[in-house]
Amino acid sequence: MRYWLMKSEPDEASIDDLANAPQRTLPWTGVRNYQARNFMRDIMQIGDGVLFYHSSCPEPGIAGLAQVSSTPYPDPTQFDSKSPYYDAKSTQESPRWMLIDVVFKKKCPLIALAALREHDELAEMRVLARGNRLSITPVTKAEWDFITKRLM
DNA sequence: GCCAACGTTGGC
DNA sequence: GCCAACGTTGGC
């Protein structure tokens, strides 16, 4: 059982979109970074905890909790020539991009990025590291416990 | 809109 | 394999 922080632009998929999706589940489409893909393909498992983070928006921060709810499978958007995530170099036989599904757990009052930075307990969080751009980052159990028990 | 940071591309 | 150029991310 591991813990993760996953960034989503709320314009594309917000915590409310996840809560209102069929089965409260969405496929995590559009990741086009190998390190993030490898997390989904190789390490993430059903039941892993997810901090759902809103990025590139007026109020960036943690907006709720979710869980990994599928094993890895090919991201369908890579085969869709009309999708912004289309990848002409990927094939059905050997898909380049894999994803997992995420299921809604709960929404919380936004824990702003600035608020996260105020806590020494979270100083080592990957998402807070200078220059971090990775859209999926591992979260330690201590960080998870602090955020879910003390900040929610 | 700016810009720092980082990943990817492609010429050599 | 190096590395400069370029594109993207994402907070501010």
Side-chain angles (χ1 to χ4, degrees), chain A residues 2-21 25-44 48-68 70 72-140 142-144 146-148 150-152:
Chain A
R2 290 183 163 86
Y3 304 97
W4 308 90
L5 182 143
M6 299 178 79
K7 294 183 194 171
S8 181
E9 301 188 14
D11 285 350
E12 281 207 34
S14 69
I15 190 74
D16 291 325
D17 294 332
L18 184 63
N20 294 322
T25 296
L26 288 173
W28 206 262
T29 54
V31 169
R32 295 295 179 267
N33 168 282
Y34 290 105
Q35 209 178 336
R37 178 205 65 182
N38 293 348
F39 286 147
M40 292 199 283
R41 189 188 62 185
D42 304 333
I43 305 181
M44 295 172 94
D48 282 2
V50 173
L51 300 170
F52 193 105
Y53 181 94
H54 287 173
S55 73
S56 293
C57 59
E59 283 192 300
I62 294 168
L65 297 181
Q67 244 179 34
V68 176
S70 80
Y73 64 97
D75 181 342
T77 63
Q78 70 194 302
F79 306 123
D80 176 2
S81 60
K82 293 181 198 66
S83 167
Y85 302 119
Y86 178 64
D87 184 345
K89 293 181 185 163
S90 190
T91 64
Q92 298 273 355
E93 294 71 32
S94 67
R96 180 179 297 194
W97 304 108
M98 305 291 281
L99 54 66
I100 47 82
D101 289 343
V102 162
V103 62
F104 176 85
K105 281 292 158 188
K106 79 173 201 178
K107 183 179 178 177
C108 68
L110 189 90
I111 307 170
L113 178 58
L116 294 172
R117 292 193 191 284
E118 287 173 5
H119 299 283
D120 292 342
E121 292 89 341
L122 304 179
E124 302 300 316
M125 271 192 92
R126 286 280 296 276
V127 74
L128 302 183
R130 198 169 119 93
N132 169 72
R133 296 190 315 176
L134 199 54
S135 64
I136 301 176
T137 49
V139 171
T140 67
E143 290 162 350
W144 173 272
F146 184 82
I147 290 167
T148 59
R150 303 275 307 279
L151 303 184
M152 286 188 180

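Chain letters run A, B, ... following the sequence lines, proteins first, then strands; residues in each count from 1.
Note: CG (A/Asp87) to C1' (B/dT9) measures 14 Å, nearest angstrom. The interatomic distance linking A/Ile136 (CD1) with B/dC6 (P) rounds to 19 Å, in whole Å. If you measure from atom CD of A/Gln35 to atom P of B/dG7, you get 7 Å, rounded to the nearest angstrom. As a whole-Å value, the separation of A/Arg96 CZ from B/dG7 C1' is 14 Å. Atom CG of A/Leu110 is separated from atom P of C/dG11 by 11 Å (rounded to the nearest Å). Remark: P of C/dG11 and CG of A/Asp11 are 13 Å apart, rounded to the nearest angstrom. Rounded to a whole Å, the CE atom of A/Met125 is 13 Å from the P atom of C/dG11. Spacing between atom OH of A/Tyr34 and atom P of B/dT8 amounts to 7 Å, rounded to whole angstrom units.
For A/Arg133, taking side-chain heavy atoms from C-beta onward, the closest of the listed nucleotides C/dT8, C/dG10, B/dT8 is C/dT8. Side-chain proximity of A/Lys7 to the nucleotides C/dG11, C/dG10, B/dT8 is greatest for C/dG10. Here the nucleotide nearest the side chain of A/Leu113, chosen from B/dG7, C/dG10, C/dC12, is C/dC12.
Residues A/Asp75 and A/Arg37 are not paired through a salt bridge, judged by the lack of any N-O separation under 4.0 Å between the basic side chain and the carboxylate.
No donor-acceptor distance shorter than 3.5 angstrom exists from the side chain of A/Asn38 to the backbone of A/Gln35, with no hydrogens or angles considered.
When the options A/Phe52, A/Phe39, A/Trp4 are evaluated for a ring pair (Phe, Tyr, Trp, His ring centres under 6.0 Å) with A/Trp28, the one that passes is A/Phe52.
No side-chain donor-acceptor contact under 3.5 Å links A/Tyr85 and A/Asp80.
Taking 4.0 angstrom as the limit, A/Tyr53 places none of its side-chain polar atoms (N or O) nearer than this to OP1 or OP2 of C/dT9.
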